[in-house]
Amino acid sequence: MNNSLRLIGTAAVIVILASLSGLASEYMLGIGFTLFMYIALAQSWIILSGMTGYISLGHVVFFGSGAYVFVLLWGLVPVWLGVAISGLVVGIGALMIGYPVLRVRGPYFVILSFGLAELVKNLVLINEARMYMSLRPVFGAPPLAQLYIAMLVLAVVATALTYWIRRSRFGAGLRSIREDEWAAETIGVPASRLKLIAFALSGLIPAMVGAIFIMRSGIFQPGDAFNPIVSFTIVTMAIIGGSDDAAGPLLGVAFLVILQELLWANWPEIYMIILGVLLIGFVLFAPGGILGWCSKNLSRSKKNAA
Amino acid sequence: MLLEINDVSKAFGGLIALQDINFAVEDGETLGIMGANGAGKTTLFSLIAGHAKPSQGKIILAGQQIDGMRPAQISALGVARTYQIVRPFRGLSVLENVAAGALYGSHQEKSMATANQMAHEILVDVGLDDRAGQPAGSLTLAGFKRLELAKALATGPKLLLLDEVMAGLTPSEVNQAIDIIESCKQKYNYTLIVIEHVMKALMRMCERIIVIHHGEMIAVGAPDQIAQDEAVIQAYLGAEK
Amino acid sequence: MDILFSPQLLAAALITGVLYALISLGLNLIYGTMRLLNVAHGDLVMIGSYIAFMAFSLFNVGPLISMFGAAIICGGLGWLAYRSVFQNLLSNSEILARLEENSLLLFFGISVVVQNLVILFFTADRQGYEYLSAIVEIGDVRLTGARLAVLIVGSVVSIAAVLYLRFSLFGLAINALIQNRDASAIVGINVDRVQMFSLVIGFGITGLAGALISVLEPITPVMGFPYTMSAFVVIILGGLGNLWGGFLAGLLLGFLEIYGVAVTGPEWRSVLVYGIFIGILIFRPQGLLGRGRVAR
Amino acid sequence: MLRRLLTASLVIVGMLGLLGPSQAADPVKIGFSISKTGLFAPAGPSQLNAYLVWQKMVNDKGGLDIGGKGRRKVEFVQYDDKSDPAQAVKIYEKLITSDKVDLVMAPWGTQHHFAIAPVVERHKFPLIGNTAASVALRKVKPGYLWFTTPMMPDNLAKEMTAMLKSRGVKSVAIMYNLLQFASENIQFLKPALAKAGIKVVFEAKYPPDIKDMTGMLTKVKGKNPDAVLVHSYPGDSILYMNQAREVGINAKTQYVMVGPAIGFFRGMFKSNLDGIVTMAAWTPGLKNTTGSKEFYNAYKKMFKGHEPDYLDSVEVFVSAQILEQAIAKAGLDREKIRQAVNSMTFDTIYGKIKFNGVQNSITPAGFAQIQKGKIEVVWPKQRATSSVVDKGAWAK
């Protein structure tokens, strides 16, 4: 009963968000687009890093590679097919490089993931410069309303995927790897295989997000598409949300995106500083993220009430 | 024969940890392993469970050679082990810890609900059911030891390797632990190899005991035989001097 | 390929390598003793550069003098950061449980704040000044005075720091902390003090490096990030917390970069640097000179 | 009842709206995004400063001349785009739909122009571009976007070849950054050189984060070319300047693309810059221009003696002058502004400018040379304030 109610509620919210595409102002749709984009990215990050503890500081590699595959296909295949192919190609790519990459652990993996993104960026840069294509405009992209819906779909899929994995056998395996990979293998968790699947799943959606994103920005440039700031933003949002469950990124992304919108529109000069101060405040005063802080304080108030 | 260790040696670099170990374990048997710290007991467990490869020799489980397999594969074949220095999944709840064993291991349970049910039952068996929802990191040492056992049991082992599950426990806790292990053995019907320093426990539980000294097997036999074995006494007294 | 025997190229490789070594030293110290992923490390380089620039344009004091000022100021920032934030942070069990993530986030926040404060005060405009620009000839090698100064000061400071940290009593304490936190507290090392000094020394050396760099490239608020990343690459190649290894890895990376590029072509510079880095990590996950095993 | 109330209030609002613009005191709201933070932050001030100088100059005159019907002051609405094209898109959407600015001005760089092209197109906001240069810009649908720059890579290649030929250059070494503008230049330069019979004796490209050029320059020295052409950005330009001196590159023609026209760069290298050729087509003394001296003086006054960037700040100011003159003719009606921009000839600090399609069709691509610490336009000859001289030995 409770579950089906929740399901209906979720569906209703999604339908309302989707119908906004025809109603809301362009500016609002733009905010919605950013919101969904980072939800999709942060959820994908959670699948790998939140669940397995392999903190990726280079998630932009999937985003940028997806954008690159997409821009290569631009004009050759229908737009949405191009988006799907981008996801697929990057997902397969992740499967191929995942095994050696995921043998590296802890802080080594953190920097490795960053280095990987830089490596791919530079390879793309060389390749593009060789063709004198260091900047590719994307003319004739679908209107914002369509991109908004597409991004909503990705956000919903990513959230559902995270939600499902968190409650599945697969997720239990991943989380035991995070806690102690050695001990996880001892109780029969095939760590290498599970990590690899998580890595590929974690790359699939960001690749499609990247593809849709360059239709919004109207341009592909390796430096933008593989901008490390994107990776940092994803990590920030996911950690600020807290937890390894789907609710964390939702909260973290909503909080940061809305905050950024409020700040840059009203304090264009100093919003980055305020943002930075808030980040610091979070680590110091709510290290469990929004979700951790909520559950701690809510349970405390419940106790006080009782 | 459930397990056969044939001429197994293990060297780390130049350091020989185990040399020419030979023994076999029968179905349903309880085998004890004793020896001083650093004698190579835990290394032997690591070899059986697949965390290290023997430098030489073969390990055969129910007719199948398992040395060289990944730990996860060996676990799926029904070998479970616990760690002397406990390795709980601290961030997960006690129930999730145990359920993870049921989901993988040799059970490979596909349903989360069933796995949770199995985990709960095992928690009752080891007396941790009242802590099921707590994060594993919050347990006491005795609690950790029980959790180690519960996780191992949940994988559905044919062969259970217990590595000093009683170290650091008080005498009454040791008694409780022995009771739990014995009753679980009856219930879940596995073959048991125990490493233990607590002699009383070994004497009470085991049908046979192997003594390892400086990486070599120096004695094997029934507990009372071992207690009177010249080599063992010498090794132990020698070690204590 | 007789270019490979050019002493000029050797000097270039030495300069690049020494800079890498110098900049990564502080990061290594801080990661080693406190397990903090300081992604604001490069911003200290930036601060050092601005200090040198200000000293030069306001008081006409060159970087070879102002670098000490930069070291002191940045060291002071380290002290401030420790007393105000990290002391508490490192005693909060909830944060310690996920220290690497949390410190990453924390320093990212600090980096954002610092960069934007600098933008606010100085604008993002590039700055630069002329200093020791005359060419000095040593045998067949011709270097601008500034680059020669970087080479000399950089080598002296980094070698001295490594030796000090290896052989002094305090250095031994730091090393003990790097090897094993819990044990070093038990054997009577004042962990709190060692951590504070690591932060002060780490920040100070990096600020000094920043002052040196101010003569080599345009000074901007965003100049630090590439240094953060190359410093991470270096300390990971050298083995986290291994100061001597980090020094050698810095030199090695400098040589790989300069000679690799001379052989393959400059377009491959970054591919080479990151490719080698990734390759080494995959085949030798504990770093080139790392001790101990990463896998448990 | 409710509906009537609503209609009534709508009418009142509408009337207020009609009343609004006629009040002389109301400033004209002009919006733009600026790369204050992120990758392009160091370049941002060269643009913002020129906008600010223009605003001050206009407001000191009493404001913008609105189609001959009185003057209104200029008020800027600006946001930081964090060097992110998607953020720039959002900013222009916000400026137009939510801040309701009267007009918009250009963001930083080629990629941002591409990004916002659909936005201004959709909302029919005319935008005079600056700091954007790529032949791909010509593929932008003509309509609401124009590009001021004379520095289109194909034109640069043509002029560069002509200049080299006039100096009797037979062999060149080419080095270039992998980023868009630099590599696009090479795309056109190589065929142009080949056609002119100039031999490329050395060619190398390098990534934006290059830290040392010694190897590359040692090889260049070995080839001893007549000219060295470095298509670089400020960071790598500094590397070249330092290491070319160390290695002893003594070619009589040395071209360093972006950097020497910026004030800080000249402060860093002083007399060592003498003889270096760079990409720029302006100097305060340029003849047949409108407002050059005034711009230069106003800039120096406003920014404590700092000089404008002879390349970017100048181009930005030109775009503002064009907008100003279009408004003087057409008022604030955006459709009329568009027609004015399409048809008028403008008087700017670059001289006369007219658009053909999206492109500045008059100002030629050109080069400047630092001569005795001053920037002189040296190419093309009809615009030159001085002629190209051989680069002498390095000063020190």
Side-chain angles (χ1 to χ4, degrees), chain A residues 49-50 53 55 57 97 99-123 125-126 129-130 180-183 228-229 232-233 235-236 238-240 269-284 286-289 292 296, chain C residues 31 35 37 39 84-85 88-89 92-117 119-120 225-226 228-229 232-233 235-236 239-240 265 267-279 281-283 285-287 290 294-296:
Chain A
S49 302
I55 297 174
L57 199 54
I97 61 161
Y99 181 70
V101 165
L102 289 162
R103 285 175 51 196
V104 179
R105 295 179 200 174
Y108 293 87
F109 179 81
V110 178
I111 307 303
L112 171 69
S113 63
F114 175 87
L116 192 64
E118 287 295 296
L119 179 70
V120 175
K121 170 169 90 180
N122 277 286
L123 286 172
L125 194 60
I126 290 176
R130 192 157 278 175
D180 188 333
E181 189 164 343
W182 185 269
I229 293 296
F232 277 92
T233 310
V235 179
T236 305
I239 298 182
I240 279 197
E269 300 291 328
I270 54 165
Y271 83 94
M272 288 299 280
I273 296 175
I274 302 176
L275 207 66
V277 169
L278 274 165
L279 276 186
I280 297 168
F282 249 100
V283 179
L284 296 183
K296 202 163 98 187
Chain C
Y31 183 84
R35 295 279 174 269
L37 283 175
V39 290
S84 62
V85 176
N88 294 323
L89 196 73
N92 178 337
S93 63
E94 201 182 343
I95 292 176
L96 267 181
R98 311 182 71 176
L99 187 61
E100 263 140 17
E101 284 117 308
N102 277 314
S103 64
L104 183 78
L105 198 60
L106 186 72
F107 278 114
F108 183 47
I110 291 176
S111 171
V112 168
V113 171
V114 168
Q115 281 185 22
N116 287 283
L117 279 178
I119 290 179
L120 212 59
F225 185 70
T228 304
M229 283 350 279
F232 267 112
V233 170
I235 68 171
I236 281 183
L240 284 175
E267 62 191 293
W268 298 104
R269 180 260 168 195
S270 306
V271 171
L272 215 62
V273 168
Y274 287 108
I276 288 171
F277 166 68
I278 290 170
L281 269 193
I282 286 173
F283 293 109
Q286 69 274 35
V294 181
R296 281 176 291 188

Under 4.5 Å from a heavy atom of chain A, the part of [X] involved:
X       : answer
V39(C)  : side chain
I278(C) : both
I119(C) : neither
F107(C) : neither
I110(C) : both

How far apart are the closest heavy atoms of [X] and [Y], and which atoms are they?
X       : Y       : answer
I239(A) : L105(C) : CG2-CD2, 3.5 Å
P107(A) : I236(C) : O-CD1, 3.9 Å
F277(C) : L112(A) : CE2-CA, 4.0 Å
I273(A) : V113(C) : O-CG2, 3.7 Å

Where on [X] is there a heavy atom nearer than 4.5 Å to chain C: the side chain, the backbone, both, or neither?
X       : answer
I274(A) : neither
F114(A) : side chain
L125(A) : neither

So which of [options] has the biggest tally of heavy-atom pairs under 4.5 Å with chain C?
options                            : answer
I111(A), L279(A), L284(A)          : I111(A)
I280(A), N122(A), V101(A), I126(A) : I280(A)
P228(A), A129(A), G276(A)          : G276(A)

Output the distance between atom [atom1] ([X]) and atom [atom2] ([Y]), rounded to the nearest 0.5 Å.
X       : Y       : atom1 : atom2 : value
L281(C) : I276(C) : CG    : CD1   : 12.5 Å
Y108(A) : I282(C) : OH    : CD1   : 15.0 Å
L37(C)  : L106(C) : CG    : CG    : 11.5 Å
R35(C)  : S103(C) : CZ    : OG    : 11.0 Å

Most contacts with chain A, counted as non-hydrogen pairs under 4.5 angstrom, among N88(C), V114(C), N116(C): N116(C)
